[in-house]
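Just so it is clear: chains get the letters A, B, ... in the order the sequence lines come, proteins before strands, and each one is counted from 1. Hydrogens, waters and symmetry mates are skipped; everything else that's a heavy atom, side chains included, is used.
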There are 2 protein chains.
Amino acid sequence: MDKRITIQDIANLTGLAKSTISRALNNDSKISETTRALVKKVAKDNHYHPNLVARSIATHQSRLIGIIIPAFENQFFSRILDAIQSCAANQHYQLIIATTNEQPHREIQAVKAMRNQMVAGIIIASTGKIQNYHQLIGSLPVVFIDRVVNARESNHFNSILVDNINGSYNVVNQMLANGAERIGVIANNLFQKKSNRLIGYQKALVDHNIPFDSDIVKYASQDGKDAAPLASQLLINQACDGIFATDNTILKAILRQLTTQQVANLQVGTFDDNSYLSLIGMPIIANQQPATEMGIEAFKILSNQISHPHQPVKHIKLKTTIKNYT
Amino acid sequence: MDKRITIQDIANLTGLAKSTISRALNNDSKISETTRALVKKVAKDNHYHPNLVARSIATHQSRLIGIIIPAFENQFFSRILDAIQSCAANQHYQLIIATTNEQPHREIQAVKAMRNQMVAGIIIASTGKIQNYHQLIGSLPVVFIDRVVNARESNHFNSILVDNINGSYNVVNQMLANGAERIGVIANNLFQKKSNRLIGYQKALVDHNIPFDSDIVKYASQDGKDAAPLASQLLINQACDGIFATDNTILKAILRQLTTQQVANLQVGTFDDNSYLSLIGMPIIANQQPATEMGIEAFKILSNQISHPHQPVKHIKLKTTIKNYT
DNA sequence: TTGAAAGCGCTAACAA
DNA sequence: TTGTTAGCGCTTTCAA
């Protein structure tokens with residue numbers, strides 16, 4: 001039960017050669033049906049399971065896919081992971097997953113570790129702060145999700161992004177249509193994609209002939225800790241009748257602030273959807289990100305590139321959908 | 001940049017033997033400081049990175065740890081994963097993670113795949129429906145978290161569990177102390193641990209001299225889809241003034257029901273904490289599970305067992321803490 | 001302190 | 001169709 005049986009053991013058991021066993025087990029074409037059946041039976045009876053590490057060293061391939069995300073405790077990425085895992089399991093890929101906590105050095109370390117483990121490819125939600133990804137990746141198949149690599153290299157790598165401009169435009173647009181006239185923003189300025197969300201905000205203002213006022217665009221730190229007082233400022237000092245949060249963490253801070261500070265007729269909009277929003281009992285306009293679709297697409301592109309190395313680079317941009325909570 | 005450099009290349013470069021390179025790089029004791037320095041410099045200059053797969057096949061060891069959970073989209077397990085990942089990264093372990101969606105056959109498949117990948121050990125939140133885990137695991141180090149293996153084998157494997165009886169007791173106890181007199185339950189009857197949560201409920205009733213009424217203990221399906229109408233029944237037909245949810249999914253369904261059905265002075269209690277509860281604006285008594293601690297402990301026990309194989313089996317039971325949301 | 005050689009479990013030419 | 005042999009990149013005896 002404990003000592004693993006090898007291909008050699010089966011060879012001894014059957015009197016055949018190692019290579020014959022290997023071929024029979026791998027459904028190689030040139031092998032007689034009888035020996036194939038015999039080998040498979042003996043293998044099964046003796047609980048043989050191939051040592052994937054040995055196979056990997058022999059073939060220079062692996063059924064291992066690396067995934068790098070900021071953190072597990074983030075519903076958006078959780079949903080992406082669930083989607084990828086389903087696809088991967090179907091095709092007998094296993095997943096090596098690492099997190100960065102938005103720290104570039106951990107991202108680099110993770111990529112290196114995965115390469116050393118001979119993964120077949122990597123899916124990365126980058127911190128966006130790596131200078132020379134080409135050098136890090138070499139010719140390893142890779143798909144960037146949600147975050148772009150960096151401005152210089154983004155064209156050279158597969159990517160699956162969300163249309164941030166359009167998404168935030170739609171949210172703000174609806175807030176304005178609902179009657180909001182002065183919409184403040186609390187943004188996270190760490191990532192470039194966040195500025196795209198600001199662009200969408202501005203576009204919506206333009207379409208409604210509302211002048212842009214930089215005084216009501218506030219920047220919160222990444223963990224959203226300081227978003228609450230900023231929300232308070234927007235509501236009291238700036239008399240905003242709407243607040244747009246560029247991500248989940250910020251929204252949560254704003255909502256927490258609003259539990260202590262009631263405001264009538266306030267429009268709340270947010271990028272990022274979250275299932276608990278239906279329980280808040282407050283009207284919120286949210287952007288549902290196609291997380292599952294992103295995961296599926298990422299896996300599809302990656303596995304395709306693994307089997308056919310010289311694919312042209314693919315850039316996919318997915319649309320969000322508006323969801324109204326009441 | 002692309003062709004990986006091997007230990008043999010460094011041997012050629014320096015004129016030393018392969019084995020010497022290996023020893024120098026692995027800080028073997030019997031090697032002169034000068035050659036060690038030389039080898040390391042050449043290795044670094046040429047961007048040498050060890051092929052972990054080759055090392056693994058040679059040493060019959062690996063720095064890979066397997067983790068099996070029900071799903072990624074579950075805050076409790078997300079927090080456990082984040083904790084494990086931090087510990088693992090510190091000790092240069094990589095994580096292979098698989099999900100089961102509560103399907104036993106996927107759990108079995110995952111364990112087998114991980115064994116074939118020569119993981120050093122596995123951390124498992126089991127579906128709890130595997131008959132013969134001993135056969136599946138062999139002598140591989142393993143730690144079960146949150147869920148017990150099965151009644152028969154649970155003593156033979158390391159486990160880190162939450163004190164479900166005590167936790168639910170505390171919640172219900174507080175609900176009663178707050179004045180509730182008829183507390184209905186919506187439980188998930190799939191897992192044994194859930195029944196422990198019912199036991200805690202009953203213990204609290206006993207302590208308050210309240211007779212147990214099986215009519216107000218309802219069972220919801222695993223996805224919680226039917227919990228909403230059950231909640232409605234408890235409130236209307238059964239005139240409950242309190243509802244206790246045995247898990248997160250069920251709580252969410254109840255809360256959703258309560259948004260359409262206002263009830264004055266209702267006590268709501270739940271196992272499982274969730275950060276959004278502070279935003280609901282409803283008094284809720286929750287049980288905070290020590291997810292981070294569980295992750296840290298699980299990793300600690302596992303890595304200890306990996307380096308010292310013949311440890312006695314450990315069973316850890318962690319306490320939850322009550323959190324009042326308003 | 002270093003080198004030579006064997007071997008981990010598997011696959012893949014090349015022969016037979 | 002099957003067997004023989006070499007080799008993947010590394011570690012690890014055993015010699016020198």
Next item on the list: Would you confirm whether A/N101, through its side chain, and A/Q103, through its main-chain N or O, come within 3.5 Å as a donor-acceptor pair?
Entry: no
Item checked: Polar side chain donor-acceptor pair, A/E107 to A/T127, under 3.5 angstrom -> yes
Notebook entry, point to check: Okay, side chain of A/R55, backbone of A/P50: is any donor-acceptor separation there less than 3.5 Å?
Noted result: no
Margin query: Under 4.0 Å, heavy atom to any atom of DNA chain D: which of residues 8-17 of chain A qualify?
Written below: A/G15, A/L16, A/A17
Margin query: Looking at B/E102 and B/R147, is there a salt bridge between them, counting it only when a charged N and a carboxylate O are closer than 4.0 Å?
Written below: yes
Margin query: side chain to side chain donor-acceptor pair (under 3.5 Å), that's the test. Do A/N46 and A/K41 meet it? Break it down for me.
Written below: CA-CA 8 Å; A/N46 294 80; A/K41 176 165 177 11; over 6 Å; no
Item checked: Over 12 foreign heavy atoms within 6.0 Å of CD, A/Q131 -> no
Next item on the list: Can you sort out which residues in residues 51-65 of chain A have a heavy atom within less than 4.0 Å of DNA chain D? Ascending by number, please.
Entry: A/I57, A/A58, A/H60
Next item on the list: Can you tell me the distance, in whole Å, between the CD1 atom of B/I5 and the C1' atom of D/dC10?
Entry: 15 Å
Check: Which parts of residues 21-46 of chain A get close to DNA chain C, meaning a heavy atom less than 4.0 angstrom away?
Finding: A/S22, A/R23, A/N26
Notebook entry, point to check: Could you state the NZ-P distance from A/K18 to D/dT5, rounded to the nearest angstrom?
Noted result: 11 Å
Next item on the list: Could you state the atom-to-atom distance from CD of B/Q117 to P of C/dG9 in whole Å?
Entry: 15 Å
Next item on the list: Examine B/F144 together with B/Y133 and report whether their ring centres are nearer than 6.0 Å.
Entry: yes
Check: Side chain of B/D146, backbone of B/A125: donor and acceptor closer than 3.5 Å?
Finding: no
Next item on the list: Name the nucleic acid region contacted by B/S19, choosing base, sugar-phosphate or nothing; use a 4.0 angstrom heavy-atom cut-off, strictly under.
Entry: base
Next item on the list: Say whether, by atom type as modelled, one donor and one acceptor occur between the side chain of A/H315 and the main chain of A/N155 under 3.5 angstrom.
Entry: yes
Item checked: Backbone N/O of A/K18 and side chain of A/S22: donor-acceptor pair under 3.5 Å -> no
